[in-house]
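The block underneath contains the structure these notes are about, expressed in structure tokens.
Owing to the predicted nature of the structure, the values given are computational and were not obtained by experimental measurement.
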Amino acid sequence: MKLERPRGTRDFLPEEMKKRREMEKILRRIAESYGYGEIATPTFEHVELFTLKSGESIVEEMYVFKDKSGRELALRPELTAPVMRLYVNSCEVMPKPLRFYYFANCFRYERPQKGRYREFWQFGVELIGSDSHLADAEVIMLAYEMLKALKVEFKLEIGHVGIMRDVLKGIENSDRIMRLIDKNQIDELEKFMNDCKVDEKVKDRVFRLIELKGDASILEKVNFAEKEIERLKRIAEILDAAKVEYEFDLGIVRGLDYYTGVVFECYAPNLGAQKQICGGGSYELASLFGGQKTPATGFAIGFDRVYEVCNVDGEKIRTVFVVAFEDTYLDALKIAKMLRNSGFVAVIDVMERNLKKQLSYANDIKAEFAVLVGKNELEEGKVSVKDLKSGQQIDVPIKELTNFLSSRTV
RNA sequence: GCCCGGAUGGGGUAGCGGCUAUCCUCUGGGACUGUGGAUCCCAGGAGGCGGGUUCAAAUCCCGCUCCGGGCCCCA
């Protein structure tokens, strides 16, 4: 009976891990270059942390379990709530703003599809303590720069949930209206608002907002919510100066209640059904978790989806295969060690194979060179170096081996 | 949670009631015991799982599992 992976999980082989690590390295470098520091939180948390943020219904979509003392725990389905919990627990008196980033696996009990797994990775940042448009702009720039550095083709869309929410303030069934807006079901939306006898002025504003898509000039067409429109204009100035490409879409509302102001999303058009690769915005969760009301803004990148459309390669370290014979194995080990100390990958036979098989294997693992450690050459203090691409072979004194190989770069 | 499609050695496949389950690739060994990628030979390895129909099932039927596509959802 063969054991299978749990549904929705994946194994990663070296080739894939290499690319993932390279992507991770790029993201970390950029986050740190903006002054963000890495944090880590537990893989599981109390269920309440997530139900508090998102409602009881999300229990269905989480891995929930009881520990031996009967505590209700959940594998984290996302990182924003844990980060804000950490903030409230330990960071409230630290100098603001705080800049954090994380890279971590998350778990959701959902039906797996391409680009949607039960264990998946998110790379995210949170900027805590500022409600200025400057904070919004910084975080958006950061997301943009990261996806660009990963050579991803994507579209950035910026909206503002606060404006729509304000328009619908006090209106009955505003949840349902928001949902219809989110799904872009315009006919349905109009019908529903008529049925609910929504005020004409409100209806007019709703339709005006959802039609607004494009560059900063669309903001001129809004004659209400002046303060927040002004915020978007200022963000636009900064993004334009930074040569960030984006579109405004005031019809972005998302179901996320905790978002308060500017929100943004990135899409990779060639990903199909699961094409959203990054989402974020400003929110307020600290007070919900028992802390002082604190503005925050951040985003999370769907690492696994980005992997699919990312065009970076893993770092190539030059590999040398050390061919050993029965009577020279100990000397070959020393030479391998010497090469490793000089920054090469040195691979040596452990199958007790003959020369032919060793070379064949060296070829299979894409070694650049084979260093033949033979009795005859050793007696002269040399080894034989074979270029596996050209087939050329030359004897090199052991003392000069690393220099010789280094000089043969490319 | 819903609808649809699929599952044959490690990977890719043929067979679609009946020979020892086909072919390619792969892995190990050998021909060639100090010179790779070629060739040849030998060896290894498979019908997702469970049940049913039948003299006989990889093949037909049912359930489950997993994968893929689309919904719901996406905190």
Side-chain angles (χ1 to χ4, degrees), chain A residues 1-11 13 45 47-64 74-84 106-118 120 122 124 179 182-183 253-259 263 265 267 271-281 283 285 288 298 300 302 304-305 321 323-328 332 349 351-378 383-395:
Chain A
M1 172 82 182
K2 211 189 266 183
L3 290 175
E4 307 268 330
R5 250 178 288 134
R7 183 165 159 85
T9 62
R10 291 157 297 156
D11 296 313
L13 292 171
E45 297 268 1
V47 168
E48 301 91 283
L49 177 64
F50 302 111
T51 53
L52 210 51
K53 177 185 172 222
S54 315
E56 285 296 330
S57 61
I58 65 149
V59 170
E60 301 303 314
E61 288 148 34
M62 289 195 296
Y63 281 88
V64 175
L75 297 183
R76 60 182 170 216
E78 50 102 23
L79 268 297
T80 300
V83 171
M84 289 316 287
C106 303
F107 307 84
R108 292 184 190 180
Y109 194 85
E110 296 181 292
R111 185 189 163 294
Q113 266 176 258
K114 193 154 193 82
R116 169 182 281 191
Y117 306 98
R118 289 185 169 181
F120 59 98
Q122 286 196 335
R179 179 162 293 195
D182 194 33
K183 288 185 190 167
V253 291
R254 309 185 72 184
L256 325 182
D257 293 339
Y258 63 94
Y259 281 114
V263 294
E265 299 177 336
Y267 300 97
L271 265 185
Q274 314 294 335
K275 65 183 198 293
Q276 194 190 326
I277 54 173
C278 174
Y283 58 91
L285 283 171
L288 191 62
D304 306 276
R305 293 180 189 176
F321 190 90
V323 176
F325 300 99
E326 210 178 338
D327 54 352
T328 62
D349 173 66
M351 299 271 280
E352 302 180 56
R353 287 201 271 222
N354 63 31
L355 171 62
K356 191 180 285 268
K357 294 285 178 186
Q358 291 193 44
L359 285 174
S360 173
Y361 182 72
N363 194 54
D364 287 340
I365 64 168
K366 299 186 171 58
E368 277 180 77
F369 295 98
V371 171
L372 282 64
V373 184
K375 201 79 185 167
N376 299 342
E377 294 92 331
L378 271 182
V383 289
S384 202
V385 176
K386 187 181 184 76
D387 182 324
L388 288 169
K389 281 200 193 79
S390 69
Q392 286 175 346
Q393 190 167 334
I394 182 171
D395 285 359

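Base pairing analysis places B:G47 opposite nothing; no Watson-Crick or G-U wobble pair with both distances below 3.5 Å involves it. Base-pair partner of B:G18: B:C55 (Watson-Crick or G-U wobble, both distances under 3.5 Å). Of the nucleotides present, none pairs with B:G34 by Watson-Crick or G-U wobble criteria with both distances under 3.5 Å. Using the Watson-Crick or G-U wobble rule with both distances under 3.5 Å, B:U65 pairs with B:A7. B:C72 is unpaired under the criterion used here, namely a Watson-Crick or G-U wobble arrangement in which both key atom distances are under 3.5 Å. With both pairing distances under 3.5 Å, B:G28 is matched to B:C42 as a Watson-Crick or G-U wobble pair.
Base contact: A:Arg111 has a heavy atom under 4.0 Å from a base atom. Within 4.0 Å of A:Asp327, counting heavy atoms only, lies no atom of the nucleic acid at all. Residue-level contact check: A:Gly55 touches neither bases nor backbone, having no heavy atom under 4.0 Å from any strand. Looking at heavy-atom distances under 4.0 Å, A:Glu110 makes contact with a base.
Rounding to whole angstrom units, NZ of residue A:Lys114 and P of B:C67 are separated by 12 Å. The interatomic distance linking A:Phe50 (CZ) with B:C74 (P) rounds to 17 Å, in whole Å. Going from atom CG of A:Asp11 over to atom P of B:G10 covers 15 Å, rounded to whole Å. Taking atom NZ of A:Lys275 as the reference point, atom C1' of B:C74 lies 13 Å away to the nearest angstrom. Between A:Arg5 atom CZ and B:G68 atom C1' the separation is 14 Å, expressed in whole Å. If you take NZ of A:Lys386 and P of B:G37, they are 10 Å apart, rounded to a whole angstrom.
B:G5 and B:G9 have their P atoms separated by 22 Å, given to the nearest Å. Nucleotides B:C26 and B:C32, compared at atom P, are 23 Å apart to the nearest Å. Going from the P atom of B:C16 to that of B:C74 covers 48 Å, rounded to whole Å. Nucleotides B:A56 and B:A21 place their C1' atoms 16 Å apart, quoted to the nearest Å. B:C40 and B:U20: their C1' atoms are spaced 24 Å apart (whole Å). Comparing B:A46 with B:G52, their C1' atoms are spaced 24 Å from each other, to the whole Å. Only the P atoms considered, B:U53 is 16 Å distant from B:C61, to the nearest whole Å. Atom name C1', nucleotides B:C55 and B:U8: the rounded distance is 25 Å, in whole Å.
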Original post:
When every nucleotide of nucleotides 27-34 of chain B is labelled 5' to 3' by its protein contacts under 4.0 Å (heavy atoms), B for base, S for sugar-phosphate only, - for none, what sequence of letters results?
Top reply: -SSS-B-B
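Note on A:Glu78 versus A:Lys53: salt bridge recorded, some NZ/NE/NH1/NH2 to OD/OE distance being below 4.0 Å. Ion pairing of A:Asp349 with A:Lys357 is absent here, as no side-chain N (NZ or NE/NH1/NH2) approaches a carboxylate O to less than 4.0 Å.
For the pair A:Arg305 and A:Gly8, both in contact range of RNA chain B, the more 5′-proximal nearest nucleotide belongs to A:Gly8. Summary of the strand contacts: A:Arg116 and A:Thr9 both lie near RNA chain B, and taking for each the nucleotide with the nearest heavy atom, the more 5' one is attributed to A:Thr9.
Here A:Met62 contributes atom CE and A:Glu110 contributes atom CD; the two are 11.5 Å apart, rounded to the nearest 0.5 Å. Here the NZ atom belonging to A:Lys275 is positioned 9.5 Å from the CD atom belonging to A:Glu265, to the nearest 0.5 angstrom. Atom OH of residue A:Tyr117 and atom CG of residue A:Asp304 lie 7.0 Å apart, to the nearest 0.5 angstrom. Separating the CZ atom in A:Arg353 from the CG atom in A:Leu359 is a distance of 11.5 Å, to the nearest 0.5 Å.
A donor-acceptor distance shorter than 3.5 angstrom exists from the side chain of A:Gln358 to the backbone of A:Ala324, with no hydrogens or angles considered. No donor-acceptor distance shorter than 3.5 angstrom exists from the side chain of A:Arg118 to the backbone of A:Thr9, with no hydrogens or angles considered.
Under 4.0 angstrom from either OP1 or OP2 of B:G70 there lies at least one side-chain N or O belonging to A:Gln113.
By the rule that a glycosidic angle within 90° of 0 means syn, B:G52 does not qualify and counts as anti.
Figure legend: A:Arg76 and A:Phe107 shown without cation-pi pairing, the cationic atom not lying both under 6.0 angstrom from the six-membered ring centre and within 45 degrees of its axis.
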